[in-house]
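First comes the structure, then the notes that go with it.
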Amino acid sequence: MLEKFLKPYDAAAVEPAIYKMWDESGFFNPDKLPPRLDAQGKPAERTEQFSIIMPPPNANGSLHAGHALFVTLQDIMIRFERMRGKKTLWYPGADHAGFETQVVYEKKLEKEGRSRFEMSREQLYKEILDFTLANKSFMEGQLRQLGASCDWSRELFTLDERVVKTVYATFKKLSDDGLLYRGSRIVNWCPKHQTSLSNLETNRTPRTDAFYYFKYGPFTIGTARPETKFGDKYVVMHPADPRYVAYTEGQQIDLEWINGPITATVLKDEAIDMEFGTGVMTITPWHDQTDFEIAKRHNLPLEQVIDWRGKLLPIAGEFAGMSIKDARPKIVEKLKAKDLLVKIDEAYVHEVPVCYKCEREIEPQIKAQWFVAMQTLADRAKEAVQKKEVTILTEQHEKIMLHWLENIQDWNISRQIAWGIPIPAKLCEKCNDGFIDMDDSKTACPTCGGPVVADPDTFDTWFSSGQWPFATLGYPDSADFKTFYPTSVMETGADILFFWVARMLMLGLYVTGKVPFKDVYLHGLVRDAHGKKMSKSKGNVISPLEISNEYGTDALRMGLIVGNTPGTDLNLDPKKINAYKKFANKIWNITRFVLESTQDAPATATLTEQDAAHLAAFRALSQDITKDIEEYRLYMAAEKLYHYLWDAFASTLLEESKPILKGEDTAAKASRQVLLRDILLDSLKLLHPFMPFVTEEIWQSIGTPQNLLMVEHWPVK
RNA sequence: GCGCGGUUAGCUCAGUUGGUAGAGCAUCCCCUUGACGUGGGGAGGGCCAGGGGUUCGAGUCCCUUACCGCGCACCA
């Protein structure tokens with residue numbers, strides 16, 4: 001009887017040593033996994049592969065509960081398949097997380113009273129790189145604490161040269177295939193962060209604003225944004241609107257406007273909603289998507305009214321240089337003084353796009369950017385989903401994905417930030433054209449021969465992240481790519497279904513011709529005990545590392561798994577974690593009892609009829625659990641193990657065993673001893689993917705064969 | 001506007017292909033029985049949101065209503 005089982009299980013004391021043992025075994029690396037013993041007991045090669053590419057955590061902060069959840073889910077899958085004899089690769093990485101990290105760093109600068117706009121690009125890049133690399137190693141330590149059995153020898157950073165090369169090759173391929181274009185379009189401009197953003201990086205928030213009605217010659221126009229109206233010289237109405245049949249396309253009308261008399265031109269366009277406002281509007285093509293499209297259709301001039309910082313330009317006359325907020329009431333005041341104000345609707349509820357990071361209102365601006373034409377890519381991805389080349393868990397998310405793919409829009413992949421992969425392109429200073437320059441060799445514009453400068457922009461992080469599965473595995477030639485692509489499962493948060501999963505699917509299919517993963521397992525958000533979203537400002541953030549320290553990583557993992565169905569949110573309650581801490585101790589004590597009771601046990605025995613039935617029931621349960629894991633019902637498998645061990649094994653079987661073990665019937669006693677020992681050993685195997693530390697610790701202590709439990713054979717064929 | 005979910009015990013949630021409901025926490029009672037008091041044994045508590053339908057049988061499938069939530073979208 002080992003001394004250590006006389007004391008309660010102390011997770012914090014054993015976990016680091018256990019992890020070290022696994023790590024040093026080399027078995028996280030699929031190339032170093034030990035051979036399997038075949039039916040004849042001979043070593044055999046692992047022929048089937050199983051691979052997961054880890055969603056690379058952002059190297060800009062501490063791991064949060066969502067990270068702990070993905071580590072747990074993926075580690076369970078990997079450990080399960082490794083024990084089942086597959087060649088398992090779990091590929092770890094770290095994400096530079098372009099915009100996200102730059103925002104984090106900018107906040108840090110702000111606290112220090114500094115600003116990115118006061119430093120050179122190079123300086124900013126260098127500082128963020130140092131910051132990121134420091135965080136990266138910190139974060140890796142945390143992944144280890146959570147038990148991640150990933151292959152550290154392969155770890156890749158999203159700014160590593162291999163990734164950049166892959167990304168450049170894809171950029172070039174898109175261009176060669178005519179799927180890439182540079183164009184001046186309306187982009188989502190964040191005046192705080194000074195960059196354009198993709199549609200996914202903006203949120204819409206409902207707001208109540210004033211809606212103004214102004215006299216515009218013979219018309220009354222409605223607007224929520226008087227500050228954009230300075231250059232409005234076109235007045236538009238629906239061609240079928242009976243109220244305005246008297247006016248004809250191209251008709252010119254002299255009228256008094258904000259800063260004096262102007263000549264306005266009448267346009268008819270079907271984009272106008274006759275029901276809205278007065279059915280007449282003036283257009284500001286530089287700052288509105290709809291207006292921009294109308295302007296394009298009618299070939300109208302474009303003029304910027306608001307600058308990149310959100311201040312009015314000289315076109316605004318006396319209001320030039322003012323912020324929107326300051327200018328708006330003054331403009332309205334002036335129009336009122338000129339008797340051009342008709343009325344104000346104070347309770348106009350609409351939704352305005354805001355930057356998803358700073359929540360500042362997005363200012364639509366026209367800017368030349370690189371765009372990827374998405375329709376072809378999306379069509380292929382849609383086909384892959386419909387033909388089940390890739391299976392998305394859950395069906396609900398599959399529908400959401402298809403819906404998104406069907407309504408795909410072109411993707412602006414340029415960002416005006418320093419922290420990212422530079423776009424390998426040059427811009428002409430004369431004709432403003434942009435062109436790809438992969439080897440940085442072009443010195444003149446191929447269109448007009450003008451002088452060129454390097455494109456100062458970087459790629460949207462998701463453009464490179466979208467290529468992560470084949471970038472990590474070394475497309476097209478490496479052995480890893482040939483062995484492990486397509487990967488088995490992509491396990492990630494449902495919240496990045498479009499940002500990441502859809503892009504990986506589209507780009508993976510486009511570049512490699514194959515889906516990047518066969519199954520997609522999406523997890524929901526980890527919320528606090530009451531279902532509230534965790535946030536620093538609410539003060540309800542639960543740190544997985546603290547939980548792990550207090551209750552043990554195994555308990556944390558169980559708390560994250562039991563009751564957590566794919567695609568739905570999970571409430572993390574420390575009380576629940578505590579229940580699984582007790583469970584770890586329960587297993588510890590079960591072991592103690594079995595060890596004490598089986599010291600004089602024979603190696604084998606003929607099972608009594610009753611014991612054979614117990615064993616059969618356990619075998620049936622083991623098969624059930626195996627099937628549950630295969631079909632991604634990890635929550636069911638974990639709960640079944642919990643109940644079997646606590647209720648069936650400990651409370652019932654062990655209690656029932658006490659008289660038998662003390663009894664006179666030696667055959668019955670031997671049978672029961674063998675039964676208890678065998679079930680315990682197999683239970684440890686079944687439980688290992690879920691609670692790797694306590695099971696390995698016990699395995700090492702009672703050590704039948706001196707192997708790591710991590711690479712033992714799964715007890716179900 | 002279009003699309004997608006949820007509504008099960010006091011609280012937070014499970015319930016795999018339809019076969020008369022489960023967990024954790026909370027509540028109440030009993031137990032210093034040598035594996036474990038981080039325990040053991042037991043109890044209470046649910047017309048599974050309302051209504052309709054399919055079925056021998058529905059929490060589970062279909063329709064509908066109400067409430068809550070989420071995603072997408074260029075209404076000035």
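Below, each value reflects all heavy atoms present in this structure, side chains not excepted, and no hydrogens, waters or symmetry copies. Within every chain, numbering begins at 1; the chains are lettered A, B, ... in the order of the sequence lines, protein sequences first and strands thereafter.
Look at A/Thr565 and you'll find a side-chain N or O under 4.0 angstrom from OP1 or OP2 of B/A14. Regarding contacts with the backbone of B/G40, a side-chain N or O of A/Lys586 is found under 4.0 angstrom from either OP1 or OP2. The phosphate of B/C36 has neither OP1 nor OP2 within less than 4.0 Å of any side-chain N or O from A/Trp646. OP1 or OP2 of B/A35 sits under 4.0 Å from a side-chain N or O of A/Lys658. Residue A/Tyr635 places none of its side-chain N or O atoms closer than 4.0 Å to OP1 or OP2 of B/A23. Between A/Tyr348 and B/A76 there is a side-chain polar atom (N or O) within less than 4.0 angstrom of OP1 or OP2. Listed pair A/Arg633 / B/U17 fails the phosphate criterion, with no side-chain N or O lying under 4.0 Å from OP1 or OP2. Dashed line: the shortest gap from a side-chain N or O of A/Lys576 to OP1 or OP2 of B/U12 is not under 4.0 Å. Contact check, A/Lys582 against B/G24: no side-chain N or O comes under 4.0 Å of OP1 or OP2. In this structure, A/Ser651 reaches the B/G41 phosphate: one of its side-chain N or O atoms is under 4.0 Å from OP1 or OP2.
A/Arg207 and A/Asp209 are joined by a salt bridge, as a carboxylate oxygen and a charged side-chain nitrogen come within less than 4.0 angstrom of each other. Ion pairing of A/Lys382 with A/Asp379 is absent here, as no side-chain N (NZ or NE/NH1/NH2) approaches a carboxylate O to less than 4.0 Å. One finds no salt bridge joining A/Arg633 and A/Glu639 here, because no Lys/Arg side-chain nitrogen approaches an Asp/Glu carboxylate oxygen to under 4.0 Å. Taking the charged nitrogens against the carboxylate oxygens, A/Arg297 and A/Glu270 have no contact shorter than 4.0 Å, which rules out a salt bridge.
Listed nucleotides: B/A14, B/C36, B/U16. Nearest to the side chain of A/Asn585: B/C36. Listed nucleotides B/A76, B/A35, B/G5 differ in distance to A/Gln396; the shortest reach to its side chain belongs to B/G5. The side chain of A/Leu200 lies closest to B/C72, out of B/A14, B/C72, B/U38. Here B/C74 is the nucleotide among B/C4, B/C36, B/C74 with the atom lying nearest to any side-chain atom of A/Gln409. Closest to the side chain of A/Tyr642, from the set B/G5, B/C72, B/G24, is B/G24. Distance from the side chain of A/Thr223 is smallest to B/A76 among B/A23, B/A76, B/C74. Residue A/Phe276 has its side chain nearest to B/A76 when only B/U12, B/A14, B/A76 are considered. The nucleotide whose nearest atom lies closest to any side-chain atom of A/Asp273 is, among B/C2, B/C75, B/G5, B/C75. Of all nucleotides listed (B/C36, B/U16, B/C74), B/U16 comes nearest to the side chain of A/Lys640. Out of B/G3, B/U16, B/A76, the shortest distance to the side chain of A/Asp288 is found at B/A76.
In this structure, the CG atom of A/Asn188 is 13 Å from the C1' atom of B/A73, given to the nearest Å. For the pair A/Arg592 CZ and B/G39 P, the computed distance is 15 Å after rounding to whole Å. The interatomic distance linking A/Asp495 (CG) with B/G5 (P) rounds to 19 Å, in whole Å. Taking atom CG on A/Asn407 and atom P on B/G1, their separation rounds to 17 Å, with Å as the unit. Across the protein-nucleic acid pair, A/Leu402 atom CG and B/G3 atom C1' stand 12 Å apart, rounded to whole Å. Atom OH in A/Tyr580 sits about 24 Å away from atom P in B/C36, given to the nearest Å. For A/Lys268 and B/A76, the NZ to P distance is 22 Å, given to the nearest whole Å. Summarising the geometry, the separation between CG on A/Leu572 and P on B/A14 is reported as 14 Å, rounded to the nearest angstrom.
Distance noted for atom P between B/U64 and B/G3: 13 Å (whole Å). The same atom, P, is picked in B/G22 and in B/A9; the two are 14 Å apart, to the nearest Å. A distance of about 13 Å separates the C1' atoms of B/G19 and B/G59, rounded to the whole Å. Using atom C1' as the reference point in both B/C11 and B/A26, the two lie 8 Å apart (nearest Å). If you take atom P in B/G44 and the same atom in B/U12, they sit 24 Å apart, rounded to whole Å. Taking atom C1' on both nucleotides, B/A21 is separated from B/C30 by 27 Å, rounded to a whole Å. Atom name C1', nucleotides B/C25 and B/A14: the rounded distance is 15 Å, in whole Å. Here the separation of B/A73 from B/U54, taken at their P atoms, is 42 Å to the nearest Å.
Note on ring orientation: taking the six-membered ring where Trp is involved, the planes of A/Trp588 and A/Phe5 are tilted (angle from 30° to 60°). Taking the six-membered ring where the residue is Trp, A/Phe618 and A/Tyr644 present tilted rings, their angle falling between 30° and 60°. Below 30°, between 30° and 60°, or above 60°: for A/Tyr348 and A/Phe276 the angle between ring planes is above 60°, a perpendicular geometry.
A/His643 comes within contact range of the sugar-phosphate backbone alone, with a heavy-atom separation under 4.0 Å but no base atom that close. At a threshold of 4.0 angstrom between heavy atoms, the contacts of A/Glu655 include nucleobase atoms, whether or not backbone atoms are also involved. Within the 4.0 angstrom heavy-atom criterion, base atoms lie near A/Leu654. Residue contacts shown for A/Gly563 are limited to sugar-phosphate atoms, with no base heavy atom under 4.0 Å away. Contacts of A/Ala224 with the nucleic acid, taken as non-hydrogen atoms under 4.0 Å apart, are absent. Using a 4.0 Å heavy-atom distance criterion, A/Arg204 is classed as a base contact. Across all strands shown, A/Asp628 has heavy atoms under 4.0 Å from base atoms, whether or not it also approaches the sugar-phosphate. Using a 4.0 Å heavy-atom criterion, one finds that A/Phe498 contacts the sugar-phosphate atoms exclusively. Residue A/Ser597 is out of contact with every strand shown, counting any heavy-atom pair closer than 4.0 Å. Within the nucleic acid shown, A/Ile272 comes within 4.0 Å of at least one base atom, counting heavy atoms only.
Sequence order on RNA chain B of the closest nucleotides to A/Asp573 and A/Arg527 puts A/Asp573 first from the 5' end. Comparing A/Ala579 and A/Lys662 by the nucleotide of RNA chain B that holds the closest heavy atom to each, the one mapping nearer the 5' end is A/Ala579.
With a cut-off of 3.5 Å on both pairing distances, the Watson-Crick or G-U wobble partner of B/G22 is B/C13. The partner of B/U55 cannot be assigned: no Watson-Crick or G-U wobble pair with both contacts below 3.5 Å exists in any strand. B/C4: Watson-Crick or G-U partner is B/G69, with both key distances under 3.5 Å.
Side chain A/Gln289 to base B/A73: no donor-acceptor pair is found below 3.5 Å.
For the residue pair A/Asn571 / A/Asp528, no side-chain donor-acceptor distance below 3.5 Å is found, with atom types taken as modelled. Residues A/Arg677 and A/Thr598 have side chains that never bring a donor and an acceptor to within less than 3.5 angstrom of each other.
A/Thr278 and A/Tyr244 make their closest contact through O-OH, 2.7 Å (heavy atoms, listed as atom of the first residue, atom of the second, distance).
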